[in-house]
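Worksheet for the structure shown next.
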Amino acid sequence: MAAYTHVDGALGSEASTREVALRDLLQVLRRRRSTIIASVLCCTALATTGALLYEPRFTSQAVLIIDPRTTEVTDINAVISNLPREAAAIRTEIDMITSTATAAKVVDRLGLVHDPEFNGAIERPSAIDRAIAGINDTIGYDLSPLQQQITGYLNSAGIGVKEPTTAEKERAAVIADVRRGLSATSDAQSYTILVSFKAKEAEKAARIANAFVDEYLRDQLQTKKDVNQQANKWLEDRINELRAQVEVSDKAVQDYRAQQGLVLGSAGGETFLSQQLAELNRALVVAQTERGRAEARAQNARIVARSPTQGNAAEILGSPLIQRLGEEESGIARRLAEYRTRYGDQHPAVQAYVNQLTNLRQKMREEATKIMAVINNEVEIARARERELEAALKKLTAETAGELGANVRLAQLQREADANRRVYEGLLQRLVETREQDDLQQRDARVVSLAEPPLEPSTPGKKLFVGGGLAVGLLIGMFLAFLRDHLNKTFRNTQHVEETIGVPAIGLVPSLPHHKNAKPEDYVLDRPRSEYSEAVRAIGVSLYARGALNTGSVVMVTSAVPGEGKTTVCLTLARMLAASGRRVLLLECDLRCPRIGNVLGDNAPGDLSDLIVGKAEWQDVVQVDGRSGLHYVVGRPHCDHPQELLGSEKLASIIKFASLEYDCVILDTPPMAVVADAGVLTRSATECLFVVRWEQTPRAVVQRAIERLTELGRDVTSVVLSRVDLKKLARTDASEEAYGMNEARRYYTR
C-alpha cells in the first residue's frame with residue numbers, strides 16, 4: 001500500500017511538472033504575442049507581395065504506362081528484349097525521358113532556342129521599359145528620351161549589360177532551363193509515368209510535355225530498329241564470309257577425294273572398298289555364329305550318343321524315331337519296375353522286359369550315331385565357310401590398308417565442311433527472322449493521356465503563398481518570442497524576484513495611463529480608492545506588518561540605476577502614510593539629482609546640506625505638504641562632496657533625532673549602481689526598500705547592487721516592482737498576483 005502511494009505521488013508530481021512547463025510555454029506566447037503577430041504580418045505581407053510579383057506558371061501533365069502486356073505475332077526471339085517490369089527499369093526510363101539528349105531533341109524540334117522564356121540572351125523588355133511603356137499608354141506622352149537616359153546610366157554602371165555568348169552556349173543554357181521545367185515521376189506501386197512540364201503559357205506547357213513524350217516513344221522504337229538493323233548488317237556480313245568458307249571447304253573435300261581415288265559407293269559417303277569390307281565383316285560374323293551353333297549341337301549330340309536314355313535326347317537330336325523309341329522305353333521301364341516289385345528279378349516276365357529294354361536302347365544308340373555323323377558334317381561345312389570368309393576379309397583388308405590414312409584426312413575435311421555449313425545455315429535462318437522483325441517492332445510504353453493546356457496556373461498558388469507565409473511567420477514569431485523571452489533578463493513578477501535574488505517582494509506599483517496626465521504623488525490623494533493607490537497602500541501594509549513603520553523606524557529607499565521610480569515610490573508612500581494620520585518625515589538624501597522640491601515645492605531657506613553643516617536649523621529646512629501633512633526636507637545640488645556629508649556623524653544624529661520625533665522616517669537615496677552615496681546611509685537605516693522597474697532593469701544589475709548593500713552591512717529587506725503594466729501582467733503572466741486581476745478591478749475607482 002505504501003509503495004502504491006509513493007508511485008501515485010511520483011506520477012502526480014510528474015504530471016504537475018508537465019502542467020507547469022506547458023503553462024510556462026503558453027505564458028511566453030502570451031507575453032510575446034506582439035512579436036508573433038508582427039512576424040506573421042511581415043511574413044504574410046512578403047509572401048503576398050511575392051505571389052503578386054511572381055509570374056504565374058502553368059503545369060501540364062501527360063501520362064505514360066510501361067505496358068506489362070506483350071504481343072507475340074511470331075515465335076521468334078527478338079534481337080533486343082522488352083523492358084523488365086521492375087522498379088529499376090522504370091527508374092531508368094524516367095532518366096531517359098529527363099535526359100539531356102531527349103531535351104536537346106525537343107529544343108531543336110520546337111525551336112525553343114528562339115523562345116525568350118528559355119533563352120536569357122534574347123533581348124526582352126526590362127521592368128523600366130515596361131513601366132515607361134505603360135506610362136506612355138496612360139498619359140499619351142512620349143518618354144523615350146527619358147528611357148534612353150535611364151538605360152544609358154544603367155549601362156555605364158554595368159547594370160543590365162549582358163556578356164556575348166556563342167550559339168552552343170545559348171543552346172546548352174536553353175536545354176538546361178527546359179530540363180528544370182520538366183519532371184517525370186512514377187509510383188512504385190504501378191507502371192505509370194507522369195511527365196509534367198511547367199511554363200509561363202498553358203499551351204506551351206502542354207506542347208512541350210507532349211513533345212517529350214513523343215520523343216521518348218520515338219527514341220524507344222528507333223532504338224529497337226537500329227539494334228535490329230545492326231544485327232542484320234552483321235548477319236549479312238558474317239553469312240557472306242561463311243558462304244565463301246563453305247564453298248572452299250566443300251571443294252577441298254572433293255579435290256582430296258579425287259586426288260586419293262576415294263570412289264563413293266552406293267550407300268552414302270562410304271567408298272566401294274569400305275562397303276565391301278563392311279559386308280564381309282557382317283558375313284563373317286554370321287558364319288562364326290552358325291559355326292558356334294553347329295559345334296554346340298555336336299557337343300550335345302555326343303553326350304546323348306553316349307547316353308541316349310537322357311530325357312532331353314529327342315529334343316537335342318531332333319529325331320522322331322528316337323522320340324518314339326524313348327516313349328516305348330519309358331513304358332517298358334515302368335512295367336519292369338512294377339513286375340520287379342511284385343515278382344522279383346528272377347521272374348520270366350521280368351527277364352522279358354529287361355531284354356526288350358536292352359534292344360530299344362541299342363536301336364537308340366544306332367540312330368544317335370547316324371545323327372552325329374550328319375551334325376559333324378554340318379560343323380565342318382560351317383568351319384570351312386568361316387575360313388573362306390576370313391581369308392577374303394584378310395585379303396580385302398590388305399587392299400584397303402592404303403586407303404585408311406586418306407580416309408582420316410578426308411573425314412577431317414568433311415567435318416570442317418559440315419561445321420561451316422551448319423553455322424552458315426543457322427545464321428541464314430536468323431537473318432530471315434531478324435528481317436521479319438523490322439515490321440513487328442513495338443514500343444514498351446504507350447500514352448494513356450496526352451497533356452492538355454491547364455485552365456489555372458499551378459504556381460504561384462496565392463493561397464499557398466499566403467498560407468506558407470502565415471505558417472513561416474508563425475514559426476519565426478514563436479522562435480523570436482522564445483528567444484526574446486530567453487534573452488530577457490528582467491523581473492516579470494514578485495515570484496520571479498524572490499526566486500532570483502531571495503528577497504521578499506512586497507508589492508507592485510502600477511504605471512498610470514498616459515492619457516490621464518496624472519502625477520503619481522497627486523493621484524494617491526486624488527484617487528484614494530484607485531488601483532494605483534491600493535497598490536501603494538498594500539506596500540505600506542506590508543511594511544507595517546514587517547515592523548518597518550513602527551516608531552523609530554528608518555526606511556531607506558534605493559534602486560540599482562536611475563529611472564526605476566524610486567523617488568516616485570518615496571513620495572507616494574510618504575504622502576499616503578501622512579494622509580492616513582501618521583507623522584512621516586521624508587529626507588531627500590539624493591544631493592546630486594534632487595526632485596522632491598520640484599514636486600512638493602521648495603520654499604525653505606535651507607536644505608539638508610545646510611542642516612548637516614550647521615548653516616540652518618530644523619525649522620529652517622523642514623517643510624510641510626499642505627495636502628497630506630507630510631514633513632519633508634529637500635536636497636539641493638550645490639554640494640561638491642555629497643558622499644562626505646551623507647556619511648557624516650551629523651547626519652546620523654539628525655536621522656536618529658528624527659526617528660524619535662516621527663512615526664517613520666523615509667530616506668530617498670541615490671541609485672547604488674551609479675554612485676556610492678547610498679552605501680554610507682546603510683548604518684542609519686533600519687529597513688532597506690529596493691525599487692526595481694518591471695521588465696526593464698537587468699537582473700544582473702539588481703543582484704550586483706544588492707550584493708554591494710550586503711557588503712556594506714545592510715540587507716535588503718523588501719523589493720518593490722515599479723511602473724508595472726497591470727493589463728499586460730494579467731494577460732501574459734500566470735503568477736499569483738496576476739490571477740483574477742481583471743475581475744478585481746471592479747473594487748477600484750478610476
Side-chain angles (χ1 to χ4, degrees), residues 489-492 494 496-509 539 542-543 546 548 553-574 586-596 608-609 612 633-637 639-648 651-652 654-655 664-724:
K489 303 300 182 181
T490 61
F491 295 100
R492 294 191 298 270
T494 57
H496 195 196
V497 173
E498 295 172 358
E499 291 176 353
T500 304
I501 60 179
V503 177
I506 62 174
L508 303 173
V509 179
I539 295 174
S542 297
L543 291 175
R546 301 169 69 87
S553 298
V554 178
V555 180
M556 170 184 171
V557 181
T558 187
S559 65
V561 292
E564 302 287 278
K566 163 184 61 66
T567 302
T568 299
V569 171
C570 287
L571 284 170
T572 54
L573 179 62
L586 175 61
L587 295 180
E588 187 172 26
C589 298
D590 190 349
L591 303 180
R592 299 176 187 265
C593 297
R595 282 188 61 245
I596 293 178
L608 183 62
S609 301
I612 295 174
V633 178
V634 301
R636 294 169 184 164
C639 179
D640 294 332
H641 305 286
Q643 186 175 358
E644 295 179 0
L645 292 179
L646 296 176
S648 64
L651 179 60
I654 291 173
I655 294 174
C664 178
V665 178
I666 299 176
L667 307 180
D668 181 17
T669 62
M672 282 297 300
V674 178
V675 293
D677 297 356
V680 298
L681 294 171
T682 56
R683 61 180 180 175
S684 300
T686 58
E687 296 287 337
C688 181
L689 180 64
F690 202 92
V691 179
V692 179
R693 185 172 177 178
W694 178 75
E695 283 197 344
Q696 185 69 31
T697 310
R699 282 175 279 175
V701 176
V702 175
Q703 288 177 323
R704 180 56 185 159
I706 292 176
E707 289 174 359
R708 291 185 61 185
L709 284 171
T710 304
E711 292 172 358
L712 294 173
R714 169 56 58 196
D715 293 333
V716 176
T717 56
S718 304
V719 174
V720 172
L721 291 178
S722 66
R723 303 179 69 174
V724 180

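Residue indices begin at 1 and follow the sequence shown. The figures that follow rest on heavy atoms only: side chains count, while hydrogens, waters and symmetry mates do not.
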In terms of heavy-atom contacts, P562 and P671 come closest through N-CG, 3.7 Å
If you apply the rule side chain to side chain contact (heavy atoms under 4.5 Å, CB included), what do you find for L689 with I506, and how did you get there? CA-CA 9 Å; L689 180 64; I506 62 174; 3.9 Å; yes
CE (M672) and NZ (K566) are apart, to the nearest 0.5 Å, by 12.0 Å
Please examine the side chains of T558 and F690, heavy atoms only from C-beta on, and report whether any two atoms are closer than 4.5 Å. yes
Walk me through whether Q643 and V680 qualify under side chain to side chain contact (heavy atoms under 4.5 Å, CB included). CA-CA 7 Å; Q643 186 175 358; V680 298; 4.0 Å; yes
How long is the gap from CG on L543 to OG1 on T717, to the nearest 0.5 Å? 7.5 Å
Check whether any side-chain heavy atom of L709 lies under 4.5 Å from a side-chain heavy atom of C688, and answer yes or no. yes
Can you check whether L651 reaches L681 side chain to side chain, under 4.5 Å on heavy atoms? yes
Euclidean distance, M556 CE relative to I655 CD1, rounded to 0.5 Å: 10.0 Å
Answer yes or no: is there a side-chain heavy-atom contact under 4.5 Å between P504 and S718? no
Give the minimum heavy-atom separation between R714 and T686, together with the two atoms involved. NH1-O, 3.6 Å
CZ (R636) and OG (S609) are apart, to the nearest 0.5 Å, by 9.0 Å
Does a side-chain heavy-atom distance below 4.5 Å link V634 with P594? no
Donor-acceptor under 3.5 Å (T669 side chain, V557 main chain): yes
So T500 and Q703, do their side chains get closer than 4.5 Å, heavy atoms only? yes
So, taking the atom named OG in S684 and the one named CG in L587, what distance separates them when rounded to the nearest 0.5 Å? 10.5 Å
Walk me through it: do T568 and R595 pass the test side chain to side chain contact (heavy atoms under 4.5 Å, CB included)? CA-CA 9 Å; T568 299; R595 282 188 61 245; 4.2 Å; yes
Closest heavy-atom pair and its distance - I612, S648: CG2-OG, 3.6 Å
Knowing that exactly one of P637, P642, P670 qualifies, which makes a side-chain contact (heavy atoms from CB on, under 4.5 Å) with R592? P642
If you define the side chain from C-beta out and look only at heavy atoms, does anything of R699 sit under 4.5 Å from I501? no
Of all the heavy-atom pairs spanning F491 and W694, show the shortest one and how long it is. O-CD1, 3.6 Å
Between L608 and L645, is there a side-chain heavy-atom distance shorter than 4.5 Å? no
List the residues meeting side chain to side chain contact (heavy atoms under 4.5 Å, CB included) with V561, not counting sequence neighbours, and say none if there are none. E564, A673, T697, V701
Looking only at heavy atoms, what is the nearest atom pair of G507 and I539, with distance? CA-CG1, 4.2 Å
Looking at E707 and R704, is any side-chain nitrogen of the basic one under 4.0 Å from a carboxylate oxygen of the acidic one? yes
Between CG on residue L646 and SG on residue C589, distance to nearest 0.5 Å: 6.0 Å
